Amino acid sequence: MRIGYYPGCSLLGSSREFNESVKAVCEAIGLELVEVPDWNCCGASSAHVLDHELSVALPAKILAQAEAAGLTEVLAPCAACYSRLIGAYSELEKNPDHKTRVSEIIEMPYTGAVKVVNVLEVLERFADVIQAKAVQPFARKVACYYGCLLVRPPKVVNFDRPEDPQVMDQLAAKVGATPIDWPFKTECCGAAFSVTRTDLVAKLCGKIVDSAVKLQAEALVVACPMCHSNLDMRRPETNAALGKDLQIPVLFLTQVIGLAMGIEPKKLGIQRHMVPVAFNAPTGAQA
Amino acid sequence: MSSASHHAPHADTLAARVKAATGISLAQCYQCGKCAAGCPVSEEMDLTPCQVLRLLQYGQDKYDERAMRSAGIWLCLSCETCSTRCPQEVEIPKIMDVVRAEALKRGIAHPKSKDILAFHRAFLDSVEQTGRLYEIGLVANYKLRSGHFLKDVMLAPKMYVRGKLGLLPHMIKGTAAVKRIFKRTLGSKG
């Protein structure tokens with residue numbers, strides 16, 4: 001099977017391990033990733049603040065490139081990219097007359113032939129394969145953290161439940177993890193304020209990390225580079241804001257799945273995290 | 001309500017601009033306050049989301065201006081919690097985008113927006129120049145624009161040893177086309 005692939009800028013830099021682990025897991029389950037040719041940035045959390053039309057045109061260009069390459073579906077692992085791509089797609093489907101204008105701006109035909117999917121919905125299609133290949137169960141209590149952009153706005157993403165989503169929990173369970181029931185699954189981490197309002201990010205991440213630890217999770221599991229960098233890289237600020245020293249590691253779901261499949265940790269980029277991925281005594285079967 | 005009333009909204013209100021840009025009608029909001037209750041940053045805001053919407057509903061310059069001058073509009077993370085929970089499905093983050101853009105255009109954006117804007121501008125500079133985001137370039141440009149030269153200097157070496165810093169920008173072949181996208185959108189509105 002093949003699917004279009006839009007890694008996005010973060011996955012080539014600060015979230016390399018997400019790219020590495022997505023690729024490793026997709027290879028293991030037999031899904032070929034076809035990169036969108038000569039892709040540009042989607043504008044992420046910045047374009048829409050300054051200009052709405054720009055925030056639609058940048059993702060439309062990416063989808064038009066995918067369309068020209070004959071792709072019908074594009075996987076965007078980064079939740080911010082996913083949100084911008086599917087947001088532009090949805091807006092242009094709602095206002096088909098805008099497609100002409102956007103095609104002029106991007107100098108390419110945009111027809112809306114390419115669908116956008118997130119990493120959770122793609123992995124869900126392979127849930128049974130993943131389960132069958134999970135030879136080293138990830139036998140840990142995990143807090144699955146979805147953040148904002150994978151589940152909201154519900155009418156745009158049309159994916160899972162907006163307030164208490166389940167897909168990541170189900171996938172984690174397939175590889176032997178025990179997902180906890182907890183209230184911060186979709187609370188915002190502060191997203192793009194990481195640099196400009198680190199204080200705010202520390203406060204918001206503090207609530208998330210503290211709740212996961214109080215409910216005895218051994219790892220936070222995410223599927224968004226912004227969530228990951230705020231929960232992992234901003235841990236010193238988060239701990240300072242909490243007045244605690246919480247060392248719960250933050251893993252991408254694809255790393256959890258990859259580890260359970262017996263893929264070498266280095267190939268999954270486990271060593272790249274700021275909060276070391278180390279666990280206390282095993283709570284379950286270890287291979 | 002007579003059109004002769006001095007409370008009657010005139011045609012070029014912020015609400016009208018919101019309607020034109022997004023199709024959203026401010027009249028949909030009945031001030032239940034659910035947006036403010038769920039907003040992760042409303043306690044940091046001088047005006048909560050529903051207060052911003054209320055000001056726009058008046059359709060009067062002085063209230064439009066108060067909304068545009070607020071610091072809170074710059075704190076909206078577009079996390080979409082408000083729009084998800086709104087019983088009227090008002091897409092509040094899209095309204096925030098329009099209010100911010102108008103505040104900038106009129107030069108009345110709150111001083112606290114300075115750093116946040118510097119970040120977004122630095123981000124878009126990078127995309128306009130290379131077609132993709134160049135993270136080191138973004139941070140350097142942000143420091144120049146904001147004057148926060150020492151911010152996160154201890155983070156760079158930690159990221160470097162973990163292979164998280166791409167040292168060179170990625171230039172795409174379609175850089176010129178991306179530049180023209182900027183010119184036709186952001187650039188055409190001054």
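In what follows, chains carry the letters A, B, and so on, assigned in the order in which the sequence lines appear, proteins first and then strands, with residues in each chain numbered from 1. Just so we're clear, the structure is a prediction, and the values are computed from it rather than from any experiment.
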**Asked** Does OH in Y160(B) sit with more than 12 non-hydrogen atoms of other residues, nucleotides or ligands closer than 6.0 Å?
**Response**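 Not buried by this count: 12 neighbours or fewer within 6.0 Å.
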
Considering only heavy atoms and a distance below 4.5 Å, find which of [options] pairs most often with chain B.
options: K61(A), H273(A), E163(A); answer: E163(A)
options: N95(A), L200(A), T198(A), T196(A); answer: T196(A)
options: V151(A), L50(A), L12(A), L204(A); answer: L50(A)
options: H48(A), R16(A), E17(A); answer: H48(A)

**Interchain contact, R100(B) with chain A, by part (heavy-atom threshold 4.5 Å)** =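 It is the side chain, since no backbone atom gets that close.
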
**Asked** By a 4.5 Å heavy-atom criterion (distance strictly below it), what part of K151(B) contacts chain A: side chain, backbone, both, or neither?
**Response**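 When you check distances to chain A, only side chain atoms of K151(B) fall under 4.5 Å.
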
Regarding [X] and [Y], is there a side-chain donor-to-acceptor distance under 3.5 Å anywhere?
X: Y142(B); Y: D125(B); answer: no
X: S229(A); Y: R234(A); answer: no
X: R54(B); Y: Q51(B); answer: no
X: T254(A); Y: S21(A); answer: yes
X: S83(B); Y: R152(A); answer: no

**Request:** List the steps and the verdict of side-chain hydrogen bond (donor to acceptor under 3.5 Å, both in side chains) for E237(A) and N239(A).
**Result:** CA-CA 5 Å; E237(A) 291 88 346; N239(A) 273 335; over 6 Å; no

Using a 4.5 angstrom heavy-atom cutoff, name the option from [options] with the most pairs to chain A.
options: K94(B), E44(B), K158(B), E91(B); result: E44(B)
options: S78(B), A101(B), C76(B); result: S78(B)
options: C79(B), A118(B), G131(B); result: C79(B)
options: G174(B), G163(B), P40(B); result: G163(B)
options: L77(B), T175(B), I136(B); result: L77(B)
options: V41(B), I116(B), V139(B); result: I116(B)

Which region of [X], side chain (C-beta onward) or backbone (N, CA, C, O), has a non-hydrogen atom less than 4.5 Å from a non-hydrogen atom of chain B, or is it both or neither?
X: M108(A); answer: neither
X: S83(A); answer: neither
X: P162(A); answer: side chain
X: E187(A); answer: side chain

**Item:** Value rounded to 0.5 Å, distance of CZ in R66(B) from CD in Q60(B)
**Value:**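 Here the rounded value is 11.0 Å.
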
**Asked** When the ring planes of F18(A) and F252(A) are compared, do they come out parallel, tilted or perpendicular, using 30° and 60° as the limits?
**Response** parallel

**Message:** Between the side chains of K99(A) and E93(A), is the shortest nitrogen-to-carboxylate-oxygen separation below 4.0 Å, so that they form an ion pair?
**Reply:**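 Result for this pair is yes, salt bridge flagged.
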
